[in-house]
Structure formats: structure tokens, C-alpha cells
Amino acid sequence: MAPDAAGLAEAAAERFAGIVERAVARTGRATVALAGGSTPKGLYTLLAAEPYRSRLPWRQTHVFWGDERCVGPEHAESNYRMAAEILLRHVPIPPEQIHRMRGEDPEPDRAAADYGRLLSAVFQPRAGGLPRLDLVLLGMGADGHTASLFPGSPALREVTRPVVAAYIERLRGYRLTLTLPVLNEAHAIMFLVAGRDKARALRLVLEAAPPRDPLPARLVSPHDGTVTWLADADAACLLERPRAGTPS
Ligand code: 6PG
């Protein structure tokens, strides 16, 4: 648990750096899916500045997104735009290694299928296999959603496609999102959660007895990977015990 948003960003930056450095040492590249929303902004700001700007192997790093709103890359709601403005324009990642979801496509299902083909081209998984990302950054909403996997969404039941277009009733719009099979194929998942409004969902995800209908964030459990929860004191205020894997 981190005391506040600044401490959360610092802990996340150090973990991000370690994972990326180990991935490049292991395979010659690092593959990271970025999260949208507001919580990761502090992390992205730190990564765009020294020492991380010079320290990290950006030229060997590929960036993806865990989800995207169905808007263009210049739209204020775009997760791509947020990451590009705060991080990607400030570090030497080759443009061809920035793999944007095409939220502007008027056919979200086509955009999802295109991104699935892009993932296959970059990862070249064995036949029938799934892309195995080195790191997936995730946030969590107050309702326990993560990426654009919302409670009750049919996308939660996807077992083969790596990316789907999900219609979100509450938002009255589509989102593009990685699916649970891809998230649970990852080497490492890092959740960043901040704010008192997340406290109830965080306790339900981390400490409640297994419910009949688990919150989406609780369904993220890589079969051969790690999950780290980084939460600030406000988000963690209802937790009864420190979590293994969640820095105290
Ligand atoms: C998005 C994210 C979404 C986000 C949560 C938390 O596109 O908005 O993928 O899952 O991580 O809604 O958002 P905040 O960080 O803004 O609280």
C-alpha cells in the first residue's frame, strides 16, 4: 500500500522499470499494455522524466493498450492521447512500436479484430495460442471493472478472441478491450488503484469470500504470471490485512 498518489506512482515506476529491464534482458524486448483513466497519469509522468527516461530500454519496448474508448486518437477521451501526451512523446520509443487500438473505426468489431491480428503479428503465438505480454497495467473502477471489462458484460465470457468490442450500457457506447484470456496469459499484471471510491470494490476483490458473480477485476489471475496490487491509503482503507504482493 502506498500512502498517497505520489507514493503510488513511485512504487509503480520502480516495478515497471524492473519488469521492463528483466524482459529485455530475457528476450531482447519488452511488451507492455498501458491502462487508461486518470490513475496511471502519475506513473506516466515519472516514466517520462529522469531517471526513467534515460534508464529504461525504450528502443526495445513495444507499447499496447489494455482498452480504448471508441473515439479518435486526438479525442479528449482517448487513452492513446493521454499516454502519448504524458509519456510516449517524451521517450525514444520507435513509432512503429507504439501499437494503438483504432478507436476511430466506425465498426468497433472490425477494430477489435484488427487489433487481434496485430497482436498475433507482433507476438506470433503458437497455433491457437495467445499473446503473452510482459506487463499489463490495469486500473479498477468503483464498480470493480478493469480495462473495459464491466460487471455483467458478455466480454467477460469471451474465451478465444484476444480483443473484443464491448457495448457499455452505462456509458452508452462501445469500448475496445483485451479479454480475460489475454490478461491471464500475461507474465505480470500491475493494478493501480487510488481513491476512497475504490475502497469497497478493492475489499470485495481482495478479501471477500469467492462470490457467485465475482467482480471483473477479481477474474484477473494469470495462470503463469504475477498480479501486483498497488493501492493508496484511501483505496486500501477497508482492507483488513496487508496483501502479499502489495507493497506496504
Ligand atoms: C479506462 C480504463 C479503466 C480505468 C478505470 C479506473 O479506459 O478508463 O481502462 O478501466 O482503469 O475506470 O479509472 P481511473 O484511474 O480514472 O479511476
Side-chain angles (χ1 to χ4, degrees), residues 1-19 32-49 52 65-67 69 77 79 82-83 86-87 135-153 155-156 168-171 175 177-178 180 183-184 186-222 225-248:
M1 180 178 74
D4 53 19
L8 183 67
E10 288 160 10
E14 198 47 41
R15 277 180 182 268
F16 181 103
I19 290 168
V32 179
L34 300 180
S38 56
T39 306
K41 291 180 177 178
L43 165 61
Y44 299 162
T45 302
L46 287 183
L47 295 176
Y52 296 106
W65 274 262
D67 72 328
R69 290 83 182 275
E77 289 294 306
N79 287 338
M82 182 270 281
I86 298 176
L87 172 57
L135 173 62
V136 180
L137 295 177
L138 291 173
M140 186 184 71
D143 61 356
H145 82 260
T146 190
S148 283
L149 299 169
F150 284 77
S153 170
L156 291 168
I168 315 299
E169 195 63 47
R170 174 161 66 87
L171 304 176
R175 293 273 191 95
T177 186
L178 297 186
L180 286 170
L183 299 180
N184 290 334
H187 275 282
I189 300 277
M190 182 157 62
F191 277 98
L192 304 181
V193 185
R196 180 67 179 79
D197 62 320
K198 311 290 178 73
R200 179 180 173 280
L202 193 60
R203 187 178 58 76
L204 288 174
V205 168
L206 292 181
E207 294 187 344
R212 191 171 47 80
D213 189 14
L215 294 177
R218 184 162 180 153
L219 297 173
V220 177
S221 176
T226 60
V227 183
T228 299
W229 287 84
L230 295 178
D232 71 356
D234 285 342
C237 70
L238 298 180
L239 295 183
E240 292 174 10
R241 56 188 183 279
R243 301 285 305 167
T246 303
S248 57

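Here the CG-OG1 distance, from Leu149 to Thr177, works out to 4.0 Å after rounding to the nearest 0.5 Å. To the nearest 0.5 angstrom, Met82 atom CE is 8.0 Å from Leu34 atom CG. For the atom pair OG1 (Thr226) and NE2 (His187), the distance works out to 10.0 Å, reported to the nearest 0.5 Å. Note that the CG atom of Asn184 and the CD1 atom of Ile189 stand 6.5 Å from one another [nearest 0.5 Å]. Distance check: Leu46 CG to Ile86 CD1 gives 11.0 Å after rounding to the nearest 0.5 Å. For the atom pair CZ of Arg200 and CG of Leu238, the computed distance is 9.5 Å after rounding to the nearest 0.5 Å.
Shown here for Trp65 and Ala33, the closest heavy-atom pair between the two residues is C-CB, 4.1 Å. In terms of heavy atoms, Gly42 sits closest to Ala9 at C-CB, 3.6 Å. The two residues Ala217 and Trp229 come nearest to each other via the heavy atoms CB-CH2, 4.0 Å.
By the 4.5 Å heavy-atom criterion applied to side chains, Arg69 and Leu171 are not counted as neighbours. Proximity of Thr39 to Val193: side-chain heavy atoms (C-beta onward) are nowhere separated by under 4.5 Å. When side chains are defined from C-beta on, Phe191 does not count as touching Val205, because their heavy atoms never get closer than 4.5 Å. Put simply, the side chain of His145 does not reach to within 4.5 Å of the side chain of Ile168, judged on heavy atoms. A 4.5 Å side-chain heavy-atom check between Leu43 and Leu137 finds at least one atom pair inside the cut-off.
For Asn79 (side chain) and Asp67 (main-chain N/O), a donor-acceptor pair under 3.5 Å exists by modelled atom type. At least one donor-acceptor pair under 3.5 Å links the side chain of Asp232 to the backbone N or O of Gly195. With hydrogens and angles ignored, the 3.5 Å screen pairs a side-chain donor or acceptor of Glu207 with a backbone N or O of Glu240.
Residue-environment remark: CZ (Arg218) exceeds the threshold of 12 foreign heavy atoms within 6.0 Å.
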